[in-house]
Amino acid sequence: MTKFGKHLDRDVVDLGAEASLAAIADAGITMSDIDMLAAGNLMAPPGFGQALQKQIGQTGIPVYNVSNACATGATALRTAVMAIKAGEARYALAVGVEKLAGAGLLGGRGKPSTGNEWTPQGRFGAVTGLDGRVGTEAMPGVFAQVGMEYLHEVDYSGVPLDLFARIAEKNHEHSTLNPLAAYTKSMSAEQIKNDVMIAYPNTRSMCSANCDGAAAAVLVSDSELSKLSLEQRRRAVKISASVLTSDPWQEACQVLPDVNTLTRNAAQRAYELAGIGPSDLDLVELHDCFATAELVHYDNLGLCEPGNAVDFFESGATWRTGTTPVNVSGGLESKGHPISATGIANVWEVCHHLRGEAGDRQIEGARVGLAHVIGLGSACGIHVLERSAA
């Protein structure tokens with residue numbers, strides 16, 4: 001993983017190459033051992049994977065260019081998993097990279113609607129534009145609605161701004177121990193509440209940080225792993241479950257995405273495949289694109305009893321010193337969110353804890369972790385990871 005932040009002197013190929021070559025070196029192999037490449041990117045011109053291959057080693061292997069909103073990195077990783085499970089590859093390289101520093105508000109249309117014009121265009125929004133009529137398509141507003149709806153359903157009697165500010169406070173505090181985070185500055189709940197309001201209750205410091213960055217992972221089959229050195233086997237992390245879901249049909253989903261059902265379905269499947277339950281998790285990196293999103297995903301991932309996300313957070317469980325540490329990296333709010341890199345960066349974080357290589361933020365004795373990411377459209381990627389028994 002590269003450091004997330006502003007990289008004005010490097011393009012997506014430079015960043016992708018840095019992460020890819022580091023992952024290959026970490027695995028103790030060379031590019032000539034890699035049998036396939038899954039390259040995730042949203043903003044670069046077509047053929048990013050091929051351009052990356054020219055930089056890191058043009059060996060003629062198949063390249064899959066992956067684009068799946070914020071789940072792009074996780075989808076690239078799952079593509080590599082499937083290639084190995086199918087027997088098509090011994091080693092596979094998955095990489096996600098994005099240049100987003102200075103991109104501004106994602107999801108907005110760029111200009112307000114007067115409400116008087118009608119322009120039919122395609123299936124989605126064929127009758128008229130939705131933004132400002134049915135909620136909003138700007139991401140802070142979408143997830144503000146998601147969080148407020150959850151609080152309404154559980155009959156929360158507190159002040160939403162206070163609650164979500166304290167969730168963001170946790171993540172900003174965690175980031176101070178992560179040298180690769182875009183922002184490593186602690187912020188008090190009061191500072192967070194008094195920051196620029198973007199979409200109530202999400203202030204600026206409750207929002208994911210658009211930035212530049214890349215993350216990559218080398219995957220290896222069980223049979224090939226058995227041929228490697230004891231040290232390589234010891235550092236290898238088992239992928240116990242790799243799951244990708246999309247929205248099941250429901251009438252409301254034709255207008256507004258349902259990030260809750262999407263994630264619940266993925267989590268249930270992941271736990272079944274891994275043969276574990278939420279109580280077995282030693283840490284979780286979840287998609288806190290906004291503080292409001294983190295709260296609902298406590299519930300969606302089964303980290304608490306249904307409807308009990310507020311009490312779960314209030315118990316202190318999600319802090320680094322709690323029973324179920326969440327976003328020890330600082331999360332998207334502090335670590336940053338270069339869209340296509342996030343899914344693999346979340347896996348990178350969990351892997352380093354399972355290896356005992358997370359430095360000052362290490363979760364002691366971590367054996368099982370979960371990495372979660374969603375992309376509106378919609379897609380949810382979940383990977384359950386376990387420490388090697390070697």
Side-chain angles (χ1 to χ4, degrees), residues 69-71 73-74 139-140 142-154 156 160 163-164 166-171 174 201-202 206-208 241 243-247 256-271 277-319 322-335 337 342-343 345-347 349-350 369-385:
C70 295
M139 293 301 101
V142 169
F143 282 93
Q145 292 172 346
V146 168
M148 294 296 280
E149 179 184 33
Y150 183 84
L151 294 185
H152 175 73
E153 289 174 350
V154 301
Y156 178 67
L163 171 65
F164 293 116
R166 285 185 285 116
I167 292 175
E169 178 184 36
K170 169 187 70 73
N171 291 337
H174 285 173
N202 286 318
M206 295 185 205
C207 301
S208 54
V243 174
L244 187 68
T245 59
S246 61
D247 281 333
L256 295 172
D258 180 1
V259 300
N260 299 317
T261 304
L262 179 79
T263 295
R264 287 175 188 145
N265 288 351
Q268 181 179 357
R269 178 63 176 154
Y271 294 138
S279 62
D280 296 308
L281 298 172
D282 296 306
L283 75 157
V284 173
E285 286 289 310
L286 61 76
H287 194 80
D288 65 316
C289 46
F290 302 91
T292 47
E294 177 162 328
L295 181 78
V296 300
H297 290 316
Y298 297 157
D299 198 320
N300 295 333
L301 293 171
L303 306 183
C304 61
E305 292 298 317
N308 204 37
V310 176
D311 289 342
F312 178 67
F313 171 72
E314 298 285 14
S315 74
T318 61
W319 282 80
T323 56
T324 311
V326 174
N327 291 336
V328 178
S329 66
L332 279 60
E333 297 162 54
S334 291
K335 179 181 66 180
H337 185 28
T342 292
N346 285 358
V347 169
E349 179 69 21
V350 173
L370 180 146
H372 157 264
V373 67
I374 63 168
L376 292 192
S378 294
C380 176
I382 289 181
H383 289 87
V384 175
L385 306 155

So which atom in [X] and which in [Y] form the shortest heavy-atom distance, rounded to 0.1 Å?
| X | Y | result |
| --- | --- | --- |
| I382 | A270 | CG2-CB, 3.7 Å |
| S378 | L262 | CB-CD2, 3.8 Å |
| E333 | F290 | OE2-C, 4.0 Å |
| V347 | A371 | CG2-CB, 3.7 Å |
| D258 | D247 | O-OD1, 3.4 Å |
| N308 | C304 | C-SG, 3.7 Å |

Would you compute the distance between atom [atom1] of [X] and atom [atom2] of [Y] and round it to the nearest 0.5 angstrom?
| X | Y | atom1 | atom2 | result |
| --- | --- | --- | --- | --- |
| M148 | Y156 | CE | OH | 10.5 Å |
| N346 | L332 | CG | CG | 6.5 Å |
| N265 | Q268 | CG | CD | 7.0 Å |
| H372 | T263 | NE2 | OG1 | 3.5 Å |
| C380 | H297 | SG | NE2 | 7.5 Å |

- [ ] Among D299, N260, N300, find the one that has a side-chain hydrogen bond (donor to acceptor under 3.5 Å, both in side chains) with Y150.
- [x] D299
Who passes side-chain hydrogen bond (donor to acceptor under 3.5 Å, both in side chains) against [X], sequence neighbours left out?
| X | answer |
| --- | --- |
| H287 | none |
| H174 | none |
| D311 | none |
| R166 | E314 |

Any heavy-atom pair between the side chains of [Y] and [X] that's under 4.5 Å?
| X | Y | value |
| --- | --- | --- |
| V328 | E285 | yes |
| L163 | F313 | yes |
| N327 | L286 | yes |
| V259 | F143 | yes |
| T292 | L151 | no |
| E149 | E153 | yes |

- [ ] Indicate yes or no for a side-chain donor-acceptor contact from T342 to the backbone of H337 under 3.5 Å, with no hydrogens or angles considered.
- [x] no
Open item on the list: If the condition is side-chain contact (heavy atoms from CB on, under 4.5 Å), which residues does T324 pass it with, not counting sequence neighbours?
Closed with: V284, L303, F312
TODO: Could you list the residues that satisfy side-chain contact (heavy atoms from CB on, under 4.5 Å) with A144, not counting sequence neighbours?
DONE: A199, P201, N202
- [ ] Give a yes-or-no answer on whether the side chains of N171 and S334 include a donor-acceptor pair shorter than 3.5 Å.
- [x] no
Task: Derivation and outcome, side-chain contact (heavy atoms from CB on, under 4.5 Å), residues Y271 and L301 - done: CA-CA 10 Å; Y271 294 138; L301 293 171; 4.2 Å; yes
Open item on the list: What I want to find out is whether K170 reaches E294 closely enough, with some N-O distance under 4.0 Å, to be called a salt bridge.
Closed with: yes
